[in-house]
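Everything on this sheet refers to the single structure shown next.
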Amino acid sequence: MDKLLNCLSECRTLYNEMIRLFLKHKDKVIKIRKIHKADQNFEGITNVSRSVLSFIRKGTSRPKLSTLITFCVSLMLDVIEAYDLLELAGYKLSQNYEVDRAYAELLQHNKNGDIEECNKYLESLGIGKQHCLGVKSR
């Protein structure tokens, strides 16, 4: 039993969880967002680059909160999956910080995975570019 628990905890890395969620939601997202065939890869669907994913896999650096929010919004994760992923990465959104409150709103209300729409919302709140979502918006 202990061996099984150790295996489960070792297998549940941030990288493994991101890949699991990507595979789970990929087909639904492609259909809803009408993603072109050429963009039906990890980066095209999640707006997170393969190089960032590689850093997460290697564990060489902790991903930015905005990167994880981008991933969650792009895959249209439900709130429970999103918060679970954030917690696995060591993040917890706080109502004391404007950026965290805005991210929480995005996770709760954005159901179409549109990163540009999310960034317009963040800009309307006066939140700086460094907190924008997606690799292309920075």
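Small disclaimer: the values here were computed from a predicted structure and weren't measured. Counting begins at 1 with the first residue of the sequence.
Both L21 and L65 are part of a single hydrophobic cluster, where members link through side-chain heavy atoms under 4.5 Å apart. Both I32 and L75 are members of a single hydrophobic cluster when ILVMFWY side chains are connected at heavy-atom separations under 4.5 Å. I127 and Y97 sit in two unconnected hydrophobic clusters of ILVMFWY residues. Membership requires side-chain heavy atoms under 4.5 Å apart, directly or through other members.
For F22, the ring pair (Phe, Tyr, Trp, His ring centres under 6.0 Å) test picks out F42, with sequence neighbours left out.
Of the listed residues (T46, N110, N112), just one forms a side chain to side chain contact (heavy atoms under 4.5 Å, CB included) with V73, and that residue is N110. Tested against C118, the residues L106, L107, I69 include a single side chain to side chain contact (heavy atoms under 4.5 Å, CB included) partner, L106.
Under a 3.5 Å cut-off, the side chain of R12 and the backbone N or O of L88 do not form any donor-acceptor pair. A donor-acceptor contact shorter than 3.5 Å is absent between the side chain of Q108 and the backbone of V79. Proximity of a side-chain donor or acceptor of N119 to a complementary backbone N or O of L133 within less than 3.5 Å is detected. Between the R50 side chain and the E43 main chain, no donor and acceptor come within less than 3.5 Å of each other. Of the possible donor and acceptor atoms, none in the side chain of D39 sits under 3.5 Å from a partner among the backbone N and O of G44.
Around NE2 of H36, the count of heavy atoms belonging to other residues, nucleotides or ligands within 6.0 Å does not exceed 12. By the neighbour-count criterion of 12 heavy atoms within 6.0 Å, atom CD of E116 is sparsely surrounded, having that number or fewer from other residues, nucleotides or ligands. Annotation for K111: atom NZ counts as buried by contact number, over 12 foreign heavy atoms lying within 6.0 Å.
Residue L122 comes nearest to H131 through the heavy atom pair CD1-O, 3.6 Å, listed as atom of the first residue, atom of the second, then distance. Shortest non-hydrogen contact noted between D78 and I80 is OD1-N, 3.0 Å. The heavy-atom pair separating S61 from F55 by the smallest distance is OG-CB, 3.9 Å. Between R33 and N47 the shortest heavy-atom distance is NH2-ND2, 4.0 Å. Pairing each heavy atom of S74 with each of V29, the nearest pair is O-CG1, 3.6 Å. Listed here is the closest heavy atom pair of S66 and Q130: OG-O, 4.3 Å.
Salt-bridge formation is detected for the pair R20/E17: a Lys NZ or Arg NE/NH1/NH2 atom is positioned less than 4.0 Å from an Asp or Glu carboxylate oxygen.
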>> side chain to side chain contact (heavy atoms under 4.5 Å, CB included), that's the test. Do V99 and L93 meet it? Break it down for me.
In response: CA-CA 9 Å; V99 173; L93 299 181; over 6 Å; no

> After noting the C-alpha distance and the side-chain angles of D27 and K31, does the key distance pass the side chain to side chain contact (heavy atoms under 4.5 Å, CB included) rule?
Replying inline: CA-CA 6 Å; D27 293 333; K31 184 177 178 181; over 6 Å; no

